[in-house]
Amino acid sequence: MTNVEIAAVLAKIADLLEILNENPFKVRSFRRAVETVSGLAEEATELVAEGRLVGLPGIGKSIAEVITELVRDGRTAHLDDLLEKVPESLLEMLRVPGFGPRKASVVYEQLGLTTLDELEAAARAGQLRQLPGFGAKTEQKILEGIELVRAGQDRWLLGEALPLAEEFVARLRAHPEVLAAEMGGSTRRRRETVGDLDLLATSNDPAAVCAWFAREGGLATVEMAGDTKVSGRTERGLQVDLRVVKPESFGALVNYFTGSKEHNIRLRERAQRMELTLNEYGLYRGIAEDKGDQVAGENEEGIYAALGLPLIPPELREDRGEIEAAEAGRLPHLLTDADMRCDLHMHTNASDGQLPLAEMVAAAREYGYSHIGITDHSASLYVANGLDRDRLWAEIQAIRELNAELGDFTVLAGIEADILSDGTLDIPEDLWPELDFVIASIHQGFSQDADRMTARVLKAITSDRMDVLGHPTGRLVLERPPYGLHLDDVLDAAREHDVAMEVSSSPHRLDLNDAHCRLAVERGVKLCINTDAHGPKELALLRYGVMTARRGWVEAPSVINTWPLPKLRQWLGQRRRA
DNA sequence: GCCGTTTTCGGCCCGACTGTTTTCAGTCG
């Protein structure tokens, strides 16, 4: 059973416990475990085998037993018992905004409703308004909510949401009454998908800013426009919430809305132990009703400082050990965009790219790199017009000629070689010494089982003819799960043979993902962050790979793109001299 | 169910909004 499947079961248990009105702290425990398992880079199967489950954040004896059962039998008695009391189909109702576990419990107990369809029918028939705690308005909101669920637009790619958020923030900052503006939520934490945009601003006249934003802030529809809050949707239906507060609370607001929720809870618990209270308006002396003077709140640094912590970068705020690290002064010095000296994976129209070599190189040069790598597809990828031996040799020579003209900019001659079904690399033997580097990727035979897929990749790595494993897990965000691969084994081999793992920066890929980046670096494996650009516009996407690596606690030295060219050449040369 | 710089038992974050309500439960972030 995969970690994703285990996390789904734990989430299901949490939902069912909530519907059954169980102890809320028990529910919270399961939710915490969902986060922990989702963030695991290692397979839970391995942790179970080695007895390392207990002790992970939020995983005690009971939940460890549930996970062990799942790994061993593919099912758990805990879930089975709950499903005897509540039908599973009831859970789909929880996706309806404003419709939570208590209401689900009521419609099930009193009307016997078990599915979204039945809920919709009952709402249309006016049957819900007679239930306790329900009214005509609730009924109407439920119908609207079901519509949204059916439309299916609840998660957006970071690559779609972030540019929109940046535009909104820029527009806010340009307004004369706005003193400062920032984005919050999972967009600011750079999660790979986001549900909505949170925009935060400060002004001495919040009402004026809200009124202006509702009118001409760029929303297609406005659902609510108050003196401190505006919410609506963009043309494509993405939910946007703006909140505006006075300056003394801005840092607290940004901190609060940046989350994650679990990180916030940890901060508030910490505040409480220090006899302070943290809320979205500030950090105050005293606790609960006795809270007094504001200690901090104008900016985030001040809040963290008052809690005895350095500022924690938003990308790390997931309660994955960042508070402990901050406390111990061991926060990572995260990789930045400015550290990136090159992009080592891009295509020209020799294979399936848009531009000829010289134009693609010119486009990449605009990004201020000192060097880049050109990596067209290898011969076996017919659909992408992969290069056969003669065309590859021609490209290598063209790159050499180009370098002679370029002066202080260098183009490395690479290839994106297919890892064939039997694990051999699709590279003409006599041209391997002529290539500066090799990215090897899987493009076909996705359906092989995990053992075969792993054996295939291990054979490629141990051939010592490749430098980087391209988009290692093959997943597409929101579209396609990763192919089965025992990543632990792959990482071990990669360290031994000094092969880097690619972080493919396309918002559709982000492969490796954040948790895998963290595991790879912890295992001593190097990363290579690339765009895999097929045209000039995609060259701009490198920052998404950097964001993913930052979420994986990655520091610049682990990323070969940050090395000066001589160091990179030396590393690549070791394999070739061996 | 988890967890420990007062704890192996007794705590467990904080506030706003909404709708249904004459004082509050449910939902959300």
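In the text below, chain A, chain B and the rest are named by the order of the sequence lines, each starting its count at 1. Please read all numbers here as calculations on a predicted model, not as lab measurements.
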*Verify salt bridge (Lys or Arg N to Asp or Glu O under 4.0 Å) between Glu35(A) and Lys261(A), making sure each step is shown before the conclusion.*
CA-CA 11 Å; Glu35(A) 287 305 312; Lys261(A) 192 177 169 184; over 6 Å; no
_Derivation of the salt bridge (Lys or Arg N to Asp or Glu O under 4.0 Å) call for Arg32(A) and Asp319(A)_ = CA-CA 9 Å; Arg32(A) 178 117 201 274; Asp319(A) 192 20; 2.8 Å; yes
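Comparing the P positions of dG1(B) and dT5(B) gives an interatomic distance of 23 Å, to the nearest angstrom. Using P as the reference atom, dT20(B) and dT27(B) are 13 Å apart when rounded to the nearest Å. Only the C1' atoms considered, dC2(B) is 14 Å distant from dT7(B), to the nearest whole Å. Distance noted for atom C1' between dT23(B) and dT18(B): 15 Å (whole Å). Between dT8(B) and dC12(B), the two C1' atoms lie 16 Å apart (nearest whole Å). When the C1' atom is used for both dT21(B) and dG26(B), the distance is 12 Å, rounded to whole Å. Using C1' as the reference atom, dG10(B) and dC17(B) are 32 Å apart when rounded to the nearest Å. If you take atom P in dA16(B) and the same atom in dG11(B), they sit 26 Å apart, rounded to whole Å.
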Which atom pairs, one a donor and one an acceptor, fall under 3.5 Å between side chains of residues 208-215 of chain A and the rest of the protein, sequence neighbours left out?
none

Tell me which donor-acceptor pairs under 3.5 Å the side chains of residues 159-169 of chain A have, and how far apart each pair is, sequence neighbours excluded?
from	atom 1	to	atom 2	distance (Å)
Glu160(A)	OE1	Leu157(A)	N	3.0
Glu166(A)	OE1	Arg543(A)	NH2	3.0
Glu166(A)	OE2	Arg543(A)	NH1	2.8

Mind listing the side-chain donor-acceptor pairs of residues 170-185 of chain A below 3.5 Å, one per line with the distance, residues two or more places apart or on another chain?
from	atom 1	to	atom 2	distance (Å)
Arg171(A)	NH1	Gly217(A)	O	2.4
Arg173(A)	NE	Ala181(A)	O	3.0
Arg173(A)	NH2	Ala181(A)	O	2.7
His175(A)	ND1	Glu177(A)	N	3.0

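A salt bridge is defined here as a Lys NZ or Arg NE, NH1 or NH2 lying under 4.0 Å from an Asp or Glu carboxylate O, and Arg270(A) with Glu327(A) meets this definition. Looking at Arg124(A) and Glu120(A), a side-chain N of the basic residue comes within less than 4.0 Å of a carboxylate O on the acidic one, giving a salt bridge. A salt bridge does not link Arg28(A) to Glu18(A): none of the charged nitrogens lies less than 4.0 Å from a carboxylate oxygen. Ion pair Arg320(A)/Asp514(A) flagged as a salt bridge, since at least one NZ, NE, NH1 or NH2 atom sits closer than 4.0 Å to an Asp/Glu carboxylate oxygen. A salt bridge links Glu50(A) with Arg52(A); the closest basic N to acidic carboxylate O contact falls under 4.0 Å. The existence of a salt bridge linking Arg523(A) and Glu42(A) is confirmed by a sub-4.0 Å separation between a basic side-chain nitrogen and an acidic carboxylate oxygen. Here Asp196(A) does not pair with Arg233(A) in a salt bridge; the nearest charged N to carboxylate O distance is not below 4.0 Å.
Of the residues in residues 64-84 of chain A, none lies under 4.0 Å from DNA chain B by heavy-atom distance. Of all the residues in residues 20-30 of chain A, Asn23(A), Phe25(A), Lys26(A), Arg28(A), Ser29(A), Phe30(A) reach under 4.0 Å from DNA chain B with at least one non-hydrogen atom.
The partner of dC3(B), taking Watson-Crick or G-U wobble pairs whose two distances both stay under 3.5 Å, is dG10(B).
The distance between atom CG of Leu128(A) and atom P of dT20(B), rounded to the nearest whole Å, is 11 Å. The distance from atom CG of Leu17(A) to atom C1' of dC2(B) is 14 Å, rounded to the nearest whole Å. Regarding Lys61(A), its NZ atom lies at a distance of 13 Å from the C1' atom of dC2(B), rounded to whole Å. In this structure, Leu253(A) atom CG and dG15(B) atom C1' are separated by 12 Å, rounded to whole Å. Atom CD of Glu262(A) and atom C1' of dC12(B) are 11 Å apart (whole Å).
Looking at residues two or more places apart in sequence or on another chain, you find no side-chain hydrogen bond (donor to acceptor under 3.5 Å, both in side chains) involving Asn264(A). Under the side-chain hydrogen bond (donor to acceptor under 3.5 Å, both in side chains) criterion, Thr336(A) pairs with Asp339(A), not counting sequence neighbours. With sequence neighbours excluded, the residues satisfying side-chain contact (heavy atoms from CB on, under 4.5 Å) with Ala326(A) are Leu309(A), Pro310(A), Ile312(A), Leu331(A).
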Distances for protein N/O vs nucleotides 3-6 of chain B N/O pairs under 3.5 angstrom?
from	atom 1	to	atom 2	distance (Å)
dC3(B)	OP1	Gly58(A)	N	2.9

Close N/O contacts between protein and nucleotides 17-19 of chain B (under 3.5 Å):
from	atom 1	to	atom 2	distance (Å)
dG19(B)	O3'	Thr138(A)	OG1	3.2

_Annotated protein contacts, base or backbone, on nucleotides 22-29 of chain B with a non-hydrogen cut-off under 4.0 Å, one of B, S, - each_ = ----SSSB
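The six-membered or imidazole ring of His78(A) lies near that of Phe30(A), with a centre-to-centre distance under 6.0 Å.
Applying the 4.0 Å criterion to OP1 and OP2 of dC14(B), one finds that Gln272(A) has a side-chain N or O inside that range. Within the 4.0 Å cut-off from OP1 or OP2 of dC14(B), not a single side-chain nitrogen or oxygen of Tyr284(A) is found.
Among pairs with a residue in residues 80-89 of chain A, those fulfilling side chain to side chain donor-acceptor pair (under 3.5 Å) read Lys12(A)-Glu88(A), Arg75(A)-Asp80(A), at least two apart in sequence or across chains.
Across all strands shown, Leu267(A) has no heavy atoms under 4.0 Å from either base or sugar-phosphate atoms.
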